[in-house]
Participant: 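One structure coming up, written as structure tokens, with questions to follow.
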Amino acid sequence: MRDFSYARAGSRAEALDLGQADDAAFLAGGTELINWMRIGINAPARVIDLARVEGLDAVEEIEGGVRIGALARLNDVAQNPLIAEGYPVLSHAILRAASAQIRNLATIGGNPVQRVRCPYFRANEGAPCNKREPGSGCAALNGIHDRHAIFGWTEDCVAVHPADPPVALAALDAVIVTDHPEGGRLIPVREFHVLPSQNPAWHDVLRAGELIVGIELPAPAPRSAYLKIRERESYEYATVSAAAALEMDGGVIRRARVALGSVAMRPWRLVAAEARLAGLAPDAPEVADAIDASFAEARPLSGTEWKVRLARNAARRVIELAAEA
Amino acid sequence: MKITSPKVSRRSLLRGSAAAAAASLAHARQVSAQNAPEESAFEAWIDLRLTVNGQAHALTVEPRVTLLDALRERMQLTGTKKGCNRGECGACTVLMDGRRVNSCLVLAASAEGRKITTIEGLADGDTPHPVQRAFAEADAFQCGFCTSGQIMSAMACIEEGHTGSPEEIREWMSGNLCRCSAYPQITAAVAAAAEELG
Amino acid sequence: MAIGDIITRVDAPTKTTGQAIYANDVNLRGQLYAAFVGATVPSGRIVSIDPAAALAIPGVVRVLTEADMPRPAPSFADLYVPPLATRHIPLQGLEIAHEGEPVAMVLAETLEAAEAGARAVDVVYDAAAFTDPALAEPVDPDPGRGDYSFLDIAEFEKGDAAAAIAAAPVRIARTYTQPSRHSNPMEPCAVIAEWSGGRVTIHDTIQHVAALQGVITGVFGLEMDQVHVRSIHCGGGFGPKGFIWPHQILVPMAARVVGRPVKLALTRAEMYALVGMQPHMVQEVELGADENGRLLGISHIASNETGVTEDYIEFSTVPSRTYYACDAIYNRQYIRRGNVTLPTYQRSPAEGPGSWALGSAMDELARELDMDPLDLRLANYADVEPSSGEPWSSKMLREAYEMGAERFGWRNRPAGGTRDGHWRLGYGMADSSQGTQRYGSSARVRLRADGTAVVESSFSDIGTGSATVMRQIAADILGLDESAVSSREGDSVLPEAGPTWASATVISTGTAVHRAATEVRGRLARLAGWPADAVGVENGALTHEGEARPIRDILAEAGVSEVSGDGTFTPNGGEFSDAGPEGFPSRVFGVIFVEVAVDPELGLLRLRRATGVYSAGRIINPRTARSQMTGGIIWGWGMAAMEQSRLDPVLGRWLSKDLAGVAIPTNADIPELDVAFVDEFDERSGPLGAKGIGELGATGVAAAVANAVYDAIGLRVRELPITPEKILAG
């Protein structure tokens, strides 16, 4: 790991101030940044430790929803009654992420900033990867890519975003709140990650020195669920994941929001399917057809055709699970 | 005592929504771009005081030194193990302010002011902690390399109250890999210790 | 404590308190930390190495390249490969044999500086075309490329298998493949070496202390007493700590060059590149049977990947000539060379892969015959060893089948495909078995005036419980309480023990300890004036014809402070190793039954329950033995359901050199496991009546799981691991 200099921010204002230094990175939970520095994904000259910033870790009700401070630890968010009862999809997504130890470190604000798990991107010694070295090519495209994208990829990058919580947040239409010396922003989670067609080198839309300060959830979604598919039962990234939030009229879906994870460089909302799901019973045979509407745009790689089938099945299943919630 | 309500939620319940509104984006404080940070705010070497197992340790380290390497290579507390150095195995698990964390993912600098507990800090003199005893009695290890992390994780798992069933223990102990695969015995040891500690 | 008692592991007090010292926990005054620079090409030549940027980093002391390193002494040429894993030592030349091979070694005052230095060294390569061994042509192993081909036989023929199969009324011919698979013990390899006055002390983490000692003498042209090796605790072996790998030679070399102690711990990524893995394998199995399921012919042809430097052979055809009664058997082993790290033995060598192929083929044959797979096994029960026709040393597999079927409920299991919500349940079984290996071993037992005893032998306790069991054996012979017996192990100054691999420790070193303790008891009897062969022991006292005298009193009255006895186990013909008692082929047996759940829509496979019952001779400590078996079953589950290392076809590097991109089982994957042993005493195996069990549990599991998947959803998976894409393809 290249050495760096270190500063502790005592407040949000101080963090933003320090964040204006050249080649600086914010350190929240550290579960990603420290590994990036080890592998050489990122070698900032300066690190700003946010651990002592006060007042950014609350989970609280706001008008029409809940606001989660960016520095709230994942385990605390998932087990907070406001989340566990009001937004089970988010609680489940978090509790299926990583391990109990990592969730004690990782923050809800840092989590969406997680970078891809493509093995070429994560190679210690560096492999051709446009996210590691723009212009160096995509080793996965010509190599092993059977855990890669089925939506929204280009020949410059076929990786998927691996994190669980953003899939739930995308299904909930949550908003990421940022601050920056030149003004903060409200960024819908659905638009936070950058598709390779927009820029293959980027992961997200954050600017230098921009700090995520919170995440805002709209109205509670008690009928919601998260499904994570992986080879082993725990402590593993998703092969495919699915989040659903339903509003029901008796036994019939009034409104459905469904997002898939690990299928694209961002959580993938099944917009076309959602429109067709309204008016259906969650276990109706027509649900499969409704979901298929969103798979018209699926474009599997040679190695990911199986993931199309899996993602379709996962979407159908998570709707059942959400209806039972 | 079992943690029944996470810290954050208790605090949030005490706060009103006015505080929340004040923290929302519409009121985000604007910082002048002219206020460049002072370079001196960033340090290349850090004088640290770390509290480990109730003892204060003073050390001067580069910021890149992790808590794990500080414990092992600078404080001779080698009971905490390095299995992957990536947060992928759990062998380096310690308690920080009572919560389990991977010490390979924590900078030593970030741990200042926190209460660190390692495997060396559990026994009361020659009397092992009930969790340590449970691991011995349940034959919950073979090579022993993951065991420190397993026991630290078990301490927290019990404290958190995630011991309601074997399935719950298995899930909440899955952040600690064991290649000898003493998993069934580890689950039994955690259940036995949880029972004893009530 | 006696043999057969349930004893808590003797290392529990240190291992549960963080006090057990592993190699990487050793810190020596003046030590330098080492970090390797690994080759980024899988084949080619080093053109130049520029260390300037690394040397500019504060704390970096040296950057060693091949130009700086000493060359091995002439005696290096006399070493066998194995125990030397490979004769290709990096930093001795410019050629690159595989990706990740060290090309430089950075030495620094701190670990952080060494690691940063390793990233800063600038290396230019002339890359050459690399060969992916998975695609290479299978060829006969060359006996001149290493000595692995002498460890078993590459071709076996009994009768005319091809003709017998062709004439058989029921035939199957299938190909089974499995991926490269890294052992990933939780403790990465680590070594620290210090020279003093022409002698070297090495702290390492290894399965065989004497092997490292011998290799180091050969590399540096030293005598055995000039090389002191310590491996007090070993944080998991599973293969890559068995033979001696290049880093274990390069660290003492570096320490000699700089005149300071040098400490190196491999990174997790280096555990993929610098030590061996279980090789990628392709196995073709043909079976011919009559209508009653009796095997008329077996053909088993295997090929495994190997490196470009030596021909490593994974002798996976062994099960086909040892499991079932058959008059016509053909086995053949090929290798496929490519630019990968040399493979090595992994739990379970030969029979882990072999039992996967044969156990699957037998299930396919049973389906073809519409016969219960257990009945097919019974129809082909081998009452004598099939390849030689000689009687077994002991075998109680019939009893194991019966007990296992009963415990599992095999005979009244639900129909395959039974639904549980979205899950479909499936049931499968297979044979577990492993051939016996024994190695020359010696031990000393010292009984002291205070009535305590100590066992001394250089064996390595890699977590299998060797230290516990050795003390238990000595206590049993001497009639002492467990608290009265201690042990010293893992140090080359102690009487030389054989390796802790191939399930050989109890049968080899255990026999030596038994003999040493028996020698002590005899001497004690003589001190008491009783005939050595007519005394007994009880609660710290020696007994003879109803009379009992406390051991302490005997020693005190004789005025001796200690009675010491040496014991050895010598393989047949005085060789380094053998395969059991002469004329009586020896192996351990068992059966594994599993219930799996498959969610065919989501591609999920989960283990619901498993029962393993084993015929493995006498069990010394049921608690540590049980742990060996459950650990083995879980090892097999990993093989079946998830574990694989994949070589990138373009870059020639392992795709994921970590524990996040390569799945191994977690706690949540594992239900309660049911394990039992048949009550057995193999009187031909030695005075203990025991055999080896460490490798046994992991055999057969992958086949049982694949067979259960077929039972659940009718999908036959012949390519491990059984991952979601394969289930969804069905």
Side-chain angles (χ1 to χ4, degrees), chain A residues 1-8 12-13 16-21 27 29-31 34-35 37-38 46-47 49 51 55-63 67 69 72-73 75-77 79-82 98-102 104-105 177-179 181-186 213-214 216 233-235, chain B residues 5-9 11-13 15-17 19-21 23-25 28-33 35-37 39 41-44 46 62-64 66 85-88 90 93 96 99-102 104-107 109-110 112-114 149 153 156-157 160 162 170-177:
Chain A
M1 192 189 297
R2 174 188 162 191
D3 204 10
F4 51 84
S5 60
Y6 170 91
R8 285 187 193 124
R12 175 170 159 178
L16 289 172
D17 195 25
L18 291 166
Q20 293 177 74
L27 175 74
T31 57
I34 291 174
N35 281 339
M37 294 192 291
R38 285 184 174 123
R46 294 173 186 79
V47 167
D49 191 342
L56 276 186
D57 60 355
V59 179
E60 52 208 349
E61 284 184 276
I62 55 173
E63 199 179 325
R67 185 177 197 288
R73 309 284 172 173
N75 268 336
D76 295 332
V77 175
Q79 297 176 91
N80 185 293
L82 288 175
S99 69
Q101 290 95 310
I102 290 175
N104 276 342
L105 288 170
V177 185
T178 74
D179 203 351
E182 291 166 14
R185 293 189 284 171
L186 292 170
V213 294
E216 292 184 356
E233 182 67 24
S234 185
Y235 199 10
Chain B
S5 172
K7 187 182 78 170
V8 172
S9 67
R11 190 186 302 172
S12 71
L13 292 173
R15 289 187 173 187
S17 57
S24 87
L25 179 82
R29 198 173 70 84
Q30 299 288 307
V31 177
S32 161
N35 286 351
E39 191 54 36
F42 291 92
E43 294 174 276
I46 306 175
E62 296 171 316
R64 63 181 166 185
T66 61
N85 214 30
R86 294 283 189 279
E88 298 167 359
T93 301
M96 189 157 76
R99 298 169 61 132
R100 48 177 156 166
V101 299
N102 306 78
C104 74
L105 296 179
V106 177
L107 296 180
S110 301
E112 189 167 41
R114 312 284 187 205
S153 201
C157 184
E160 294 158 7
H162 290 128
R170 286 176 194 138
E171 168 57 31
W172 285 85
M173 287 299 292
S174 280
N176 295 81
L177 301 181

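Note: hydrogens, waters and symmetry copies are ignored here, and every other heavy atom, side chains too, is used. Chain A is the first sequence line, chain B the second, and so forth, proteins listed ahead of strands; every chain is numbered from 1.
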Participant: Need one label for S110(B): side chain, backbone, both or neither, based on atoms under 4.5 Å from any heavy atom in chain A.
Facilitator: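 Answer is both: backbone and side chain atoms of S110(B) are under 4.5 Å from chain A.
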Participant: Given that the side chain runs from C-beta out, which part of C104(B) has a heavy atom under 4.5 Å from chain A: side chain, backbone, both or neither?
Facilitator: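 Looking at C104(B), backbone and side chain both touch chain A.
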Participant: Examine distances only and state if a side-chain atom of R8(A) and a backbone atom of A109(B) form a donor-acceptor pair shorter than 3.5 Å.
Facilitator: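 Checked: pair present.
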Participant: Under a 4.5 Å cutoff for heavy-atom pairs, which residue among I46(B), N176(B), L107(B) has the most contacts with chain A?
Facilitator: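 The candidate making the most pairs under 4.5 Å is L107(B).
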Participant: State whether the side chain of T178(A) and the backbone N or O of R185(A) hold a donor-acceptor pair below 3.5 Å, judged by distance alone.
Facilitator: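 Side chain of T178(A) to backbone of R185(A), a donor-acceptor pair under 3.5 Å: yes, one is there.
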Participant: Does any heavy atom of chain B fall under 4.5 Å from the side chain of N104(A), the backbone, both, or neither of them?
Facilitator: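 For N104(A), heavy atoms of backbone and side chain both lie under 4.5 Å from chain B.
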Participant: Tell me, for L177(B) versus chain A, whether the close heavy atoms (under 4.5 Å) come from the side chain, the backbone, both or neither.
Facilitator: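 Answer is side chain: those atoms of L177(B) sit under 4.5 Å from chain A.
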Participant: Under the side chain to side chain contact (heavy atoms under 4.5 Å, CB included) rule, what do M37(A) and V47(A) come out as? Steps first, then yes or no, please.
Facilitator: CA-CA 11 Å; M37(A) 294 192 291; V47(A) 167; 4.1 Å; yes
Participant: Charged N to carboxylate O below 4.0 Å: is that the case for R170(B) and E233(A)?
Facilitator: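 No, this pair does not count.
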Participant: Are any side-chain N or O atoms of N75(A) and backbone N or O atoms of A100(A), one a donor and one an acceptor, separated by less than 3.5 Å?
Facilitator: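 Yes.
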Participant: Quick check on M96(B) against chain A: is it the side chain, the backbone, both or neither that has a heavy atom closer than 4.5 Å?
Facilitator: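 The side chain, not the backbone.
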